[in-house]
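Taking it in order: structure first as structure tokens, then the write-up.
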Amino acid sequence: GENVEQHPSTLSVQEGDSAVIKCTYSDSASNYFPWYKQELGKGPQLIIDIRSNVGEKKDQRIAVTLNKTAKHFSLHITETQPEDSAVYFCAASMGNFNKFYFGSGTKLNVKP
Amino acid sequence: SQTIHQWPATLVQPVGSPLSLECTVEGTSNPNLYWYRQAAGRGLQLLFYSVGIGQISSEVPQNLSASRPQDRQFILSSKKLLLSDSGFYLCAWSPRLRRGETQYFGPGTRLLVL
């Protein structure tokens, strides 16, 4: 089955700096890659996603890049704010029943 | 718009007691439904998924079972809880007939088994 690895497990940045979280996947059949933000005690919320036919996608301060050859994708957050502090999860899906394979999560701490 | 509900929000149960967690989705038909468990500070473990009424697939052999008695209702159960069943239980849905669609998560149920 698919295996998704996520790094780093924790990340501390100063407010205004950029943050980058990286994920790798093992199965080249994966074609959909969402990113979720989970605040303490809440369910994960989708923040951005990318499909395998696209190399980059941006939404305001958030961007995701995908390198299919290397089988890795990354989340980039620019101009970080304290409210960006949360746990971020990446996932990969091959589309069969929309089963997702999640990374282990990155705890982002933005220091004011 | 679609909404997903889970209840209860929190639950404290003794070891050996039964469990029933409920998830319902509004505003969509024929969704795929999923149950995940998240241990404290850990990632999401897929427990069950369902593509239709009465159709349940189990990902991990365990002390839990799932049922889907109605199209938009998904229930997670146990006959006898173990200490290791403690965790944060998340229900999610996705559109069934389209591939590459995201999953939308509910607010979760925090279960503590004592």
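Lettering follows sequence order; numbering is per chain, from 1. As the structure is a computational prediction, the values presented were derived from the model and not from experiment.
B:Leu83 and B:Leu19 fall within the same hydrophobic cluster, defined by Ile, Leu, Val, Met, Phe, Trp and Tyr side-chain heavy atoms under 4.5 Å apart, directly or through other members. Under the 4.5 Å side-chain heavy-atom criterion for ILVMFWY residues, no single connected hydrophobic cluster contains both B:Tyr49 and B:Trp35. Tracing side-chain contacts under 4.5 Å through hydrophobic residues (I, L, V, M, F, W, Y), one never reaches B:Ile56 starting from B:Val51; they form parts of separate clusters. Side-chain heavy atoms closer than 4.5 Å link hydrophobic residues (I, L, V, M, F, W, Y) into clusters, and following such links, even through other members, never connects B:Tyr89 to B:Ile75. If you chain together hydrophobic residues whose side chains sit under 4.5 Å apart, B:Tyr104 and A:Ile50 never meet in one group.
At a 4.5 Å heavy-atom cutoff, the contact between B:Arg110 and chain A is made by side-chain atoms alone. Proximity to chain B (any heavy atom under 4.5 Å) is restricted, for A:Gln45, to the side chain, taken from C-beta onward. The part of A:Tyr36 that comes within reach of chain B is its side chain, from C-beta onward, which places non-hydrogen atoms under 4.5 angstrom from that chain.
Within a 6.0 Å radius of CD in A:Gln14, more than 12 heavy atoms belonging to other residues, nucleotides or ligands are found. Residue-environment remark: CD (B:Gln2) exceeds the threshold of 12 foreign heavy atoms within 6.0 Å. Applying the 6.0 Å contact sphere to CZ of B:Arg42 captures no more than 12 heavy atoms from other residues, nucleotides or ligands.
Nearest heavy atom pair, residue A:Pro44 against residue B:Leu90, reads CD-CD1, 3.8 Å.
In this structure, CD1 on A:Ile47 lies 11.0 Å from OG1 on B:Thr102, to the nearest 0.5 angstrom. With rounding to the nearest 0.5 angstrom, the NZ atom of A:Lys99 is 12.5 Å from the OG atom of B:Ser94.
Counting heavy atoms from C-beta on, the side chains of B:Tyr34 and A:Phe100 never come closer than 4.5 Å. The shortest distance between side-chain heavy atoms of B:Phe105 and A:Leu46 does not fall below 4.5 Å. Counting heavy atoms from C-beta outward, B:Phe88 and A:Lys42 have side chains that stay 4.5 Å or more apart. Side-chain contact between B:Gln38 and A:Phe89: present, with at least one pair of heavy atoms (C-beta onward) separated by less than 4.5 Å.
Heavy-atom pairs under 4.5 Å with chain B peak, among A:Gly41, A:Gly103, A:Pro34, A:Ser9, at A:Gly41.
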